[in-house]
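Can you keep this structure in mind? I'll have questions shortly.
Residue numbers start from 1 in every chain, and the chains themselves are labelled A, B, ... in the order their sequence lines are given, proteins ahead of strands.
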There are 2 protein chains.
Amino acid sequence: MLADTEAVLLDLDGTVFQGDRLIRGAKETIASLQEAGKRIAYLSNRGNVSRKEGLEKLERHGIMVAPESLILSSTVTASFLKQHYPKAAVWPLGNRGLAQELLYTGVKIAQAPEEADFVVVTLHDKITYEELNAAFKASSAGARMIATNADKTYPDEAGQAIDVAGFIGAIEAATGRKTELVIGKPSCFMAEAALTYVQAPAEKCLIVGDSLESDIGLGRMQGMKTALVLTGNTRKEAVELLPPKRQPDYVLNSIDDLRGYL
Amino acid sequence: MLADTEAVLLDLDGTVFQGDRLIRGAKETIASLQEAGKRIAYLSNRGNVSRKEGLEKLERHGIMVAPESLILSSTVTASFLKQHYPKAAVWPLGNRGLAQELLYTGVKIAQAPEEADFVVVTLHDKITYEELNAAFKASSAGARMIATNADKTYPDEAGQAIDVAGFIGAIEAATGRKTELVIGKPSCFMAEAALTYVQAPAEKCLIVGDSLESDIGLGRMQGMKTALVLTGNTRKEAVELLPPKRQPDYVLNSIDDLRGYL
């Protein structure tokens with residue numbers, strides 16, 4: 001599995017972390033991959049954190065990575081806007097990590113909702129009515145809608161919690177406008193950002209993640225090798241129900257199992 | 001307006017045509033622009049026709065254009081898939097022009113809905129229940145959804161008729177899945193296809209169309225000059241209600257007025 005692999009793309013939530021906790025063996029596995037000379041990119045659909053926050057979390061758990069190796073949907077959304085809509089003013093709806101990432105990338109933040117060309121929607125787990133309403137006002141006034149990702153729920157301490165899809169739904173229902181672009185995995189935008197960073201052809205990459213749709217789906221479409229870990233969203237039984245073409249190449253109990261292949 | 005313009009991007013429905021009828025002076029205006037050495041691209045959100053059908057319609061009205069100058073949302077959707085998802089198998093929902101354009105571009109058509117990686121949705125004004133249901137089955141089985149455009153209605157002989165947004169809504173409501181990408185104007189995908197064809201910087205382009213959102217919105221975001229024509233969807237009063245930054249640079253009664261600027 002790893003012999004002719006030049007680069008490994010690692011999902012974070014459910015693969016390296018469970019909530020704030022590091023998954024057993026994740027740190028040691030990453031160190032072993034680094035020692036074996038594999039290029040590693042960390043590919044996460046989190047759009048409500050900045051790279052700075054993401055790096056700090058990794059460092060708190062003793063994992064040191066190159067800042068450019070951390071590829072969040074907030075990062076890729078910001079790069080997409082900067083590249084394709086350099087004149088756009090953006091109204092962010094999300095935790096402040098999103099705005100930080102937009103500013104860091106050089107995307108202009110609108111002064112008022114009515115002046116925005118785009119609303120960028122991500123998870124906001126401290127959202128107030130005023131913030132939801134401001135995004136509604138921006139969209140009503142003509143701003144186009146982009147989402148960092150469109151996950152419906154994520155696991156919190158008490159079960160499943162409402163995610164980005166809920167905010168998208170709120171604004172779409174109230175304005176009648178549609179989201180025109182979802183940036184997160186399994187999109188080509190995330191895949192291409194990762195491939196550009198690792199500088200390896202897709203066939204020489206292994207993607208490791210807990211989501212059949214986001215992680216395995218991305219890898220399969222790009223011709224990467226795919227490994228599902230069972231430490232997150234997916235149960236083993238769900239894999240067995242899939243038609244062969246949608247199955248991952250490997251199913252691992254956890255990221256820790258990767259070391260056995262080195 | 002036209003003195004330092006190198007290229008003109010012309011919308012078709014509501015700008016060059018009203019239904020099957022040519023707008024008065026359109027043919028002569030296009031000829032004058034061609035004679036004046038302007039590069040012309042024809043930029044339409046129609047995703048249910050192929051370039052071949054589009055060229056035939058133009059030719060029937062005596063307008064001869066280079067095939068590559070006709071940039072439909074079906075064309076750009078097909079190119080996007082070919083470039084970013086070369087391994088994907090696609091299930092088209094739309095009039096047969098869509099499938100023709102996908103095949104022409106070399107996109108693989110899925111053999112069965114359940115085998116599709118993507119459903120591509122466009123207008124289908126002859127849709128049957130079986131066709132709608134097949135797209136539903138593809139999406140249910142895991143295919144991701146891309147729309148050529150997301151227009152809600154278009155004008156037919158009897159008023160407003162349901163457009164792509166209705167089909168998107170049907171599938172989203174039945175499957176709970178979201179469309180992840182809308183290709184049509186005002187997207188950067190359409191803009192970049194046009195700019196690549198005309199080989200001119202955006203500042204040297206004039207976009208002419210009847211839609212404030214699709215045509216003027218596209219031009220404004222890219223830094224093109226923008227001219228709204230009043231032969232389609234937009235009334236003059238709607239323009240006056242807009243904040244200055246969303247207004248077109250010029251408002252013309254029809255495409256015929258362009259000749260006065262040559």
Inset, instruction - May I ask you to name which of Cys188(B), Gly176(B), Ala150(B), Pro86(B) has the most heavy-atom pairs under 4.5 Å with chain A? - result: Cys188(B)
Inset, instruction - Side chain from CB out, backbone as N, CA, C, O: work out which of these in Ile168(B) comes under 4.5 Å of a heavy atom of chain A, or both, or neither. - result: side chain
Legend entry - Contact check, side chains of Met224(B) and Leu9(B), non-hydrogen atoms, under 4.5 Å: yes
Legend entry - Which of Lys178(B), Glu192(B), Gln222(B), His84(B) touches chain A most, by non-hydrogen pairs under 4.5 Å: His84(B)
Legend entry - Lys/Arg-Asp/Glu bridge criterion (N-O < 4.0 Å) met for Asp11(B), Arg46(B): no
Legend entry - Ion pair Lys225(A)/Asp4(A), N-O distance below 4.0 Å: yes
Legend entry - Interchain contact, Glu114(B) with chain A, by part (heavy-atom threshold 4.5 Å): backbone
Legend entry - Largest heavy-atom contact set with chain A, pairs under 4.5 Å, which of Gly217(B), Ser187(B), Ala147(B): Ser187(B)
Legend entry - Asn48(A) and Asp125(A): side chain donor to acceptor below 3.5 Å: no
Legend entry - Residue, of Glu213(B), Arg246(B), Glu115(B), that accumulates the most heavy atom pairs under 4.5 Å with chain A: Arg246(B)
Legend entry - Heavy atoms from other residues, nucleotides or ligands near CD of Glu240(B) exceed 12 (cutoff 6.0 Å): yes
Inset, instruction - Give a yes or no answer on whether the side chain of Thr175(A) reaches the backbone of Ile171(A) with a donor-acceptor pair at less than 3.5 Å. - result: yes
Inset, instruction - Could you check which of Ala165(B), Ala191(B), Ala141(B), Gly169(B) has the highest count of heavy-atom pairs closer than 4.5 Å to chain A? - result: Ala141(B)
Legend entry - Contact leader toward chain B among Gly184(A), Ala88(A), Pro186(A), where contacts are heavy-atom pairs under 4.5 Å: Pro186(A)
Legend entry - Main-chain N/O of Lys185(B) paired with Asn45(B) side-chain donor or acceptor, under 3.5 Å: yes
Legend entry - Under 4.5 Å from any heavy atom of chain A - which part of Glu172(B): side chain
Legend entry - Pick from Arg220(A), Arg144(A), Arg177(A) with the largest number of heavy-atom pairs that fall under 4.5 Å of chain B: Arg144(A)
